[in-house]
Amino acid sequence: MATSRAESQHSQYGRRRSNTAQSILRTVQVPHLKVGDQKVLNSWVHDKETTQILFNHSWWPGAAEGDLIRVAGTTESSSSFLFTVPKEDAFAKPQLQISIPQPIADSCSLRNNGEVILTKVDKDNCSADYVEFIFQDQYLGRNDMWRLGEQLVGQCIHTNQEVTFIGSIAAKIHCIYIGGERVSSAYMTSTTKSIYRSLSAKVTIFIQVCHELWEFAGDGERYNEKIVHSFLPALFAKWREAGTNHTVSIVLISRVFYDESEIGYAAGPLRRDDLGNWYKDFFKVITDLEVIYDWKPTLVVLKESFWDFQRDILLTHHYHRAHQDAGVGPSDQVRLVGRLSNAQDGPLLESLNLALNPTEHHYIDRSLSLTGVASIVITPGTGFYRVSRQLLRLTTTRMLDQGFGLDLVSLAKPPLHQVPVFCFESPDKPGAPTGDPLWGPDDDSRSGKTKTYWWEPFWISMSFWDKQMDLPFREDRFVARAKMHQIQMLGLLEHDVLSSIEVPFLNPQNMHRDPTEEVRISKEEADQFDADVFSLTSADARPSNPHRQSLNSSTGSLLITTPHRPTEKRNTMSHRNSLMTGSRIAPIEESPRRSSIDLPSPTRAEVSPATTANGGLSTSPSRLSIRSVSSNLSDRSTSRGPRSQGPGRSSLASKLAPAWLFNPFRSNPSEPQTSQVSAQASPTGSAKVSLTAATPPSSSPIRMPTMAKPIVGQTQSPLPMAIKNTPGNRSHMSRTFEEETYVPGRTTQVRRSPINTPPFDESQLSKRWSVGTVNLPAANSSSSPSNVIDPSRPKLVVPAGQASLAKRWQHMFPKVMYKHDIKWTSMVTPGCLPLTVEYFPTTAELESSYDVFSYDFVVDPGEMRSFLVKPPNAKGTAEEVRRAWALVVMRGMAAVRLAQGFQFVLRPRAEGESDEEKSGFRRTKSFNPDDESTPKPAGPSEVLKSTTGPVYLSMSNEIHRISYTGEAIQVRRYVRRMPATPKFKYQCLIWPKLGGGYTEVATSFASHGLEDYGWNRLDMLVAGYEHHFNESLRYWRTRFIVIPTTEPPQINLGPSGEVLNDEEMRILGIEKLAEQFSKLRWLSPDDKAALAINGPPPPVRLLPTTLDPAASVMDESLLEQLDTIHAAGPLRKKMKSEKEIGELPLNYVAKAMREEGGVPIKYNQWHRSQYPNSFTGYDFVSWVVREFRDISSRAQGVECGAKLLDQGLFEHCRGQHGFLDGHYYYRFKGEYAVPMTPKSWFRRYTPGDDNLRAGHYPSGVARPKNASPRKVKKRCILSQSMVIDIDPNKKSDQAESVILHHDLIHNPSTVFHFELQWIGTTARGIEDLIRQWNRTVERYGLRLVEAYVTQISEVRTRNAFQSCFPLRLAVPPPIVPDLDKRVPEGTLTAKYFEYAILRKFGFIIDVEAVDLYPEQIDVVYSYRRSPFKYSQFVHRSGVAFVQVLGGTEGFLFLTNRLMGPGRLGTTTKRDHPAAAAADEIRVKLQQFCSDKAALEGFYDNEQALLSPPVAEEPPPLSI
C-alpha cells in the first residue's frame, strides 16, 4: 500500500502502530470485503469541479479497486447512491474519509460532515436495465445516443445526474430502472438500454370538430368546454412543470358530408368515401410551429374558434365560393349546406399524413434545437373510426418507418368494446381463399362485393380524459358506460315512447356453435367449476369498480364486465326517476333467450343475452367476446380460474362461464380461460373442442394466449400490461402486438410468433403463410353472408413480416403500465426511437419473403481518404492495421444507418424472458449457417467492439448485415417483398394561421422507404472511396445567412488602428468569418504531405462588390478574380523567386507592378464612385508574397505596402486610409501615375431584349430565348465548397466533419450565404461552431440567422399547414420610360418599385429570381438544388422572408419559423418572440400595401429621386 507513514500508523480501531522499522516494513494481509459488509464513515462535500468520489482506503482497508459500494445517509430523508472504489492513492489529508461531489450530495440529501453507511453490494444486482435521459434545446442524433451510452459503461450513475458529452452537458438522467422498479442509483453495463426523451420536440395537436363536440358529457359540461377548461390546461401545466420548450401546432380538423342536392352549391374539393357519401375535409390552424409560455390567449382564441367553426365551414365558406363562381351579377341566396360528421367518420388518417409529410424530410432545414415528434389527437369519440383500407395501410407503414406514434385522447368514457379500432371495407370474393384483408394484395376489381373488417392499430394509444369538474371520483359510484343521446334529450311528457322499446333476439345463424348441441359434463367437473367461480375468500370482500374491472391488463385490452341482473330486479331498479314519473312508463325490457347449456339454474329463461355463453362466441357488436389468455405458462399462473387440462381437454370456464361470472365475485380483473386448440382440423371433433374447431375465421378469430409473464399477487387494481412485447405507456404501441390469434384447424404445436404474428410451424413455412389466417375445410367456409365479424373483437391479423415493425418500440418501456392511465409521459416528453430491437426473421422467412442483395469492398488503408471516419492509431502488422481500419469504417457504416432510423439487432436475454421471446429467437439463431456460433450483442454498447462478428441492423422492411471477411467489408441487404403501396392523392381545405379563409390544397401521401437508397455509394463515402454527397443520400442540410443589422457595429477600428466606416467594418467582419472557414479546413493525408512542399493551401477569399447578385455576373473584372480563385489563386510563391523588393527603387517597383502577371491595375467602381487605373490592397499583398523571396507572409506584405505608401509610390484613392490588406483601392501617385488603357468597361445589363422598352411593366415577363442556340453559355460558379473539421481540439471519439458551401461574391448591403451538409456528425458540435461564428461577426454589425433551404413559395408543398401570407398592392407600380438610364449603373430595373417598398420596411435581397440573370451566363451555386422563381428578401432582423410576385399581386410573406426561443440568431426575449416581431412587420407592410394614397405618394417620391436621363456611354476602347 502506497500510503504515508502517518497514515500507516492510524488503524481502523484507533490503535497506533509501532514506529520500529520492522513493524513499518511488515506487510499486513487484509481480507477482501464480502457482499454485505458495512462501514460507517464521516463524509465531506466538495464542489462541482471534481465529479469523482474521493475515498481514503486507509479507513476501510478491505475495499479493493473496482468494488461497488452503496453509500446511504443515516437520516430518513436521505437516499443512497453507488460508486466504484477508485485506485488507491496517497491522500494529502489523512483525516479525510470520503468526500462526495456537491450535485450527488444535493440529490441524496447528504450534508457535509455527516455520517454515511458504506455497504458493499453485488454488481449484478445493481446493474441498470434501463436508463432514461432527458435533454433540451438540442438535436441529439441517433449516432450521438449510441456513443453517449457507450461513454457511461462501467460507471455508477444516479438520478438528476448531468451527463457531459464532447465537452458540454448533453443530457440529464431522469430515471433508472432495475427489474421494472425505479431506483435512485445503479451501475451502467454494456447491456443497459438507454431511453431518450426530449423536452424540445415538435408537437402537433389535432382537435376533432365533429357532431359530438357540442354534446353534453355526464357531468353536464360540453365536450368542447372540456378541451379548453380541463384537458389542455392540464397538459400545459404538465409541460410547465417539466420545463419543456416544445414547438407546438394546434389544428382543428373536421369533415362535412353533403347530400346529392347540395353538391352543386358545395363545389370544390369534393371527395367520396367507400360508402358513396360526398364530403369535404376542413383544417384550421390555430398555432403554427410556435413556442408559447402563456397559453391563456391561445385558449381564448381556441374557444372562439369552436363557436365560429360551424358558421365558417357550413355557411361562410360556401357564400364566398358562390360569389367567386358567380362572376358577374348577384349570386343565389346564401344557403346553409352540409352537416358535420360524427367522430367515427372524421379525417383522422388524413390529418396524420399531412403531419407526416414535413417530418419525412426532417433532414432538410434541420433544426439544431429540436429532437423528436409527437402527435396528439383530441376527440369526443370513443376511438372507433371508419377508414379507407388503402390509407390505413399507407399510414401504418409511414408511422412505423418514421418511428412515430399517436396519442389519442378521448373525452368520452371507455366504451363497452375494444378501442382503438378501425373499420374498413375490403373486397369479398366468395369461394376465394381467406387472406389478410389489410396487408394482402390489392384487388383491382372495384365492382365486386366488399366485407367490413375491424383492425386494431398498434401505433395508437388511447387515453380517456373523463375528469368531472364538479364530482370527485369515488370507487363505488355507478358510471354509465353507454348512452342513448335521443332518449337522454327527451322531456318528461315524452316518456311514453319507451313502452315499446325491445331488444330483439340475436340471429342464431350468427352463433359459432349449433345452439342445439349439448355440452355434457361430469358431476366432478361441475362441482369443480362451481368451487372455482363462486367460492369466496378474504380477497373477495367486495366487487371491484366496474370501470377498472373492464380492463384486461395482461392483454392491454378492454373486457366487458356486464353484471347479470334478473329481469324482475331490473324492472324495479333500472330507472331512479320511476317514482316521480309514475307507473305509466313501461320499463325497457330485453327479450328472453333460450339457453341450451344444462345448468342447474331456476332462472334459466331470464339470463340476459349479453351475459349468456353457449360455448360459442357472440357476434353481437355490443359485447366483447371471451378472450383466450391461457398459455403454456398456465401451470405457473396464479389465476384462480380453472386451468387447461391439456390439448385434448377444454377448460370448463371457457365452455360454461359467461364473462359476468368472473367479475362480481372477484377483486382482481377477470382473466377468462379457454381451451387450447384441438389437434383435430375437422369440425366434427368432440364437443369439448367444438369451440375452436368449428369457428369460422371470418366471424371472430380466437385470440392466442397472451405473451406475458404470470403476475403473482393480484390486487384489486388492474394488472399491468406486459412490457416485454408491447410498450404499455407509450402512445405508439399501446396494445395490439401483445396478443396472438388462434388458427382453427392447426396442429397442437402452437408457436408463439414474435409479438402478434399469426402462429405457424416449420412444416408450412415454405408456403409463406403471412396473410393472417389459414383456410378452413369447405364446410366452414366464411363466404356465407350469415357470418358476421365481431367489431368488439376485431380481426387482429398481422403478418409475420410486419411483426418487426411493432418491435421497433420494444426497448422503450422499462416499467409495466396500466392501460387505463393517461399517457402523460409520451405527451409531455416524447421519446425517441430506441437504438435496439430483438426481432429477427427465421431462415424460412428470409428465404421466402426477402430479396437478398450483397456487395463488398476491399479495405485498403493506403487508398482511403475518408472525412467521415477518424483514422485509427494502429501499429503493427499490415493485417492488424487493416483490421483496425475495418473496425472504424464498420462503425461509421453503422452510425450512418442509425441516423437513417435503423436499429441494432440484439440477442434476447438469457434470463427472465417470456416464452414468446424464447420461441421467437430460438428459431432465429440458425438463420444463416455461418452464423450459428456467432453471438449477437446483448446491448448497444457491445456492438462493434471488434471485427470478429457481424453486426445486424434492421428497419421496417429491410435488414443489413455488415461483416469483415479478412480483406473486405461485406454488406448483405435483406429487403422484404411487400405489395406496392400506391400514392394516395388527397384534396382538402386549409385555413392557415395567417390566412383569411379556407384555401384548396392538393397533395399526395406516399411511403418513401429505403429500398432504393444508395447504400453502396454511402458506404464508399464512409470508406473514403467517394468524396461527394449525392441527393439520394438524404444528407442533413441547413442554410445560414449573415445579415447586416440596423444597429451600427460595436467597433470602428481596423487591424492597424485605422478608423473604418460601417460598410468597411461589415466587409471586415465577413473577412473574419472567411478566416474561420480557412482555419477549420480539413486536410486529407495527401494535403498534409504537400504542406512541406507547397506550403499551406490558399485561404478563403471573398470578393466584395456593391452590385446585386444578378448584376455582379456582368462585371468582367469581378469574374476575372473569380476565375483566379477557382484556379487556387496567385498565393503560392514561385519556385525560382530570387528578387527582393527591399533592394528595388520605386520606379522599378512601379514598372514590375504594371507588367504581365503583376498587380491587376484596372477601372474599379464602388457604388457611384469610379476609380480608374486603381488596384486593391489585397492584390498588391498577394503579388509581393508570390514574387519576392524576402516577403513570406501577408503580414510582411502589409508592412512592405505601408512602407511604399509612405515613400510616395501610391496613395489611397479617397485619401482616408493607410495601406490595408483588403478591398481598399489605391492608385499611383505623382510621377508614377501613368494612364493605362482599361481592359474593359463595366457593361450594364438589362433583363429585357433590345426590342423591349426599358422599364416596361410587368418587368417579370419571360425574355425571348437566345436567338443563337449554338452559342455556348459561359459557366459562372459563384460558390465554393470544402470539408471542414468542426472538432479541432479532438474532443470527440469520431470524425466530426461537415461540408461547407459558401458564396464567393459578397455585397455588404445584402446577405452572405453558406450551407452546412453532414451525415452522422454530432449536431451539438455544429451548433457550438455556429454560435462561435455568430459571436465573431456580431461585433461588426452582422447577424447569423438560420434560413430556409428552398424558396418560401414552396413551403406548402412540404407542410400543408404552413402558407405564405399574400400582400397585394392596391396600386400597381408605374411604368417609367428609360428607367434603366435614370438609375445608377448596375441597378436592375425589373420590379424596381417593389424592391424599393421592401427596402423601406427594412428588407434586403436574399436570393435573386432566376429570370433576372443574363441568359448568356450559366450561373451555378453548389448548394442550390433548384432556381428561385421569384426574388426573395429577408428582414434585417431575420424574423421574416418576402418573395416579390410583382404588379398588383404584390408579395408573399412568411415568418421565419426556424428562429425559435433559445435558437441561433434569436435576440428577442420570451415576452417578445420572433413570431411576434414578424407579425408586427407584416401588419405594417399590409397596411401600407393596401393604402392607395400612401402607395401613390411613395411612387412619386421614388420617381423624384431618379436622375435625369444621361447620354449614352462610349463603348469600350480596343487596340
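Positions are given from 1, in the same order as the sequence printed here. Just so you know, these numbers come straight off a predicted model, no measurement behind them.
H1302 pairs in a ring-ring contact (aromatic ring centres under 6.0 Å, His included) with only one of the listed residues (F1077, F1314, F1040), which is F1077. Considering K870, K1291, K1290, K1079 in turn, K1290 is the only one that fulfils the salt bridge (charged side-chain N to carboxylate O under 4.0 Å, His left out) rule with D1285.
Although no hydrogens or angles enter the test, the distance criterion places no donor-acceptor pair under 3.5 Å between the side chain of E1063 and the main chain of P1308. When atom types are taken as modelled, the side chain of N1052 and the backbone of L1060 share no donor-acceptor pair closer than 3.5 angstrom. No donor-acceptor pair closer than 3.5 Å links the side chain of S1174 to the backbone N or O of Y1225. One N or O on the side chain of H1313 and one on the backbone of D1406 form a donor-acceptor pair closer than 3.5 Å. Side chain of T1336 to backbone of Q1332: a donor-acceptor contact under 3.5 angstrom is found. Using a distance-only test at 3.5 Å, with no hydrogens or angles considered, a donor-acceptor pair links the side chain of H1027 to the main chain of G1024. Checked by atom type and distance alone, the side chain of Y1171 never pairs as donor or acceptor with a backbone atom of K1162 at under 3.5 Å. Looking at T1321, its side chain never comes within 3.5 Å of a backbone N or O of V1298 through a donor-acceptor pair. Panel note: side chain E1064, backbone N1061; a donor-acceptor pair is recorded below 3.5 Å. The backbone N or O of Y1348 lies less than 3.5 Å from a partner atom in the side chain of R1039, making a donor-acceptor pair.
Relative to the ring axis of F165, R147 does not place its NZ or CZ within 45° and under 6.0 Å from the centre. For the pair R1154 and F1228, the cation sits on the ring face: its NZ or CZ lies under 6.0 Å from the ring centre, inside 45° of the axis. For the pair R366 and Y363, the cation-pi criterion (under 6.0 Å, within 45° of the ring axis) is not fulfilled. Judged by a 6.0 Å distance limit and a 45° cone about the ring axis, R1214 is not positioned over the six-membered ring of Y1224.
Residues N143 and Q1294 bring a donor and an acceptor atom of their side chains to less than 3.5 Å of each other. There is no side-chain donor-acceptor pair under 3.5 Å between H1435 and N1456. Residues D137 and S369 have side chains that never bring a donor and an acceptor to within less than 3.5 angstrom of each other. For the residue pair T1038 and E1315, no side-chain donor N or O sits within less than 3.5 Å of a side-chain acceptor on the partner. Looking only at atom types and distance, the side chain of Q1317 has no donor-acceptor partner in the side chain of R1037 under 3.5 Å away. Between R1424 and S1279, the side chains place no donor N or O within less than 3.5 Å of an acceptor N or O (distance only, hydrogens not considered). E1408 and Y1413 are not linked by any side-chain donor-acceptor pair at a separation below 3.5 angstrom, with hydrogens and angles left out of the test. Of the N and O atoms on the side chains of E1296 and T1322, at least one donor lies less than 3.5 Å from an acceptor on the other residue.
Under the 4.0 Å criterion applied to side-chain N and carboxylate O atoms, D1179 and R1186 are not assigned as salt-bridge partners. Between R1425 and E1031, at least one side-chain N (NZ, or NE/NH1/NH2) sits under 4.0 Å from a carboxylate O, which counts as a salt bridge. Electrostatic pairing of E1338 and R1343 does not count as a salt bridge here, judged by no charged N lying under 4.0 Å from a carboxylate O.
A tilted orientation is assigned to the rings of H1223 and W1166, their planes being inclined by 30° to 60°. Using cut-offs of 30° and 60° on the angle between ring planes, the pair F1175 and F1180 is tilted.
Here the side chains of L1080 and L1329 are in contact, with some heavy-atom distance below 4.5 Å. Under the 4.5 Å side-chain criterion, counting only non-hydrogen atoms from C-beta, R1101 is in contact with Q1121. For the pair L368/Q138, no side-chain contact is recorded, criterion being any heavy-atom separation below 4.5 Å from C-beta on. Contact check for R1081 versus L1083: side-chain heavy atoms found under the 4.5 Å cut-off. Side-chain contact between T1310 and P1044 is absent, with no heavy atoms from C-beta onward closer than 4.5 Å. Contact check for Q1165 versus L1107: no side-chain heavy atoms found under the 4.5 Å cut-off. Counting heavy atoms from C-beta outward, F1428 and L1412 have side chains that stay 4.5 Å or more apart. Side-chain contact between L1342 and I1043: absent, with no pair of heavy atoms (C-beta onward) separated by less than 4.5 Å.
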| query | Yes or no on side-chain contact (heavy atoms from CB on, under 4.5 Å) for L1033 and L1021, after CA distance, side-chain angles and deciding distance? | reply | CA-CA 10 Å; L1033 295 183; L1021 187 70; 4.2 Å; yes

| request: Start with the C-alpha gap between F1403 and Y1395, add the side-chain angles, then the distance that decides, and say whether ring-ring contact (aromatic ring centres under 6.0 Å, His included) holds. | output: CA-CA 9 Å; F1403 286 87; Y1395 282 24; over 10 Å; no

| task | Take S1112 and D1115 through the side-chain hydrogen bond (donor to acceptor under 3.5 Å, both in side chains) test and state the conclusion after the steps. | result | CA-CA 5 Å; S1112 64; D1115 187 350; over 6 Å; no

| request: Could you please spell out the steps behind the salt bridge (Lys or Arg N to Asp or Glu O under 4.0 Å) verdict for E1327 and R1331? | output: CA-CA 6 Å; E1327 185 178 16; R1331 292 186 183 277; 3.1 Å; yes

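Taking OG of S1297 as the reference point, atom CG of D1287 lies at 9.0 Å (rounded to 0.5 Å). Rounding to the nearest 0.5 angstrom, the gap separating the OH atom in Y1423 from the NE2 atom in H1301 is 10.0 Å. If you take CZ on F1441 and CD on Q1432, they are separated by 6.0 Å, rounding to the nearest 0.5 Å. Rounded to the nearest 0.5 Å, atoms OH (Y1035) and CG (N1030) are 8.0 Å apart. Here L1204 contributes atom CG and Y1232 contributes atom OH; the two are 10.0 Å apart, rounded to the nearest 0.5 Å. Rounding to the nearest 0.5 Å places CD1 of I1299 at 4.0 Å from CZ of F867.
Pairing each heavy atom of L1388 with each of A1110, the nearest pair is CD1-CB, 3.5 Å. When all heavy atoms are compared, the tightest approach of C1276 to V1113 is SG-CG1, 4.3 Å. V1022 and G892 make their closest contact through CG1-C, 3.9 Å (heavy atoms, listed as atom of the first residue, atom of the second, distance). Across all non-hydrogen atoms, the minimal contact from Q136 to S200 is CG-OG, 3.1 Å. The two residues S1078 and M1282 come nearest to each other via the heavy atoms N-CE, 4.4 Å. Closest heavy-atom contact between G1201 and F1210: O-CZ, 3.6 Å.
When the ring pair (Phe, Tyr, Trp, His ring centres under 6.0 Å) test is applied to H362, the partners found at least two apart in sequence or on another chain are W1036. Contacts of D1418 classified as salt bridge (charged side-chain N to carboxylate O under 4.0 Å, His left out), with partners at least two apart in sequence or in another chain: R1275. Residues meeting the side chain to side chain donor-acceptor pair (under 3.5 Å) test with N1307, sequence neighbours left out: S1309.
Between F1029 and W1318, the gap from one ring centroid to the other reaches at least 6.0 Å.
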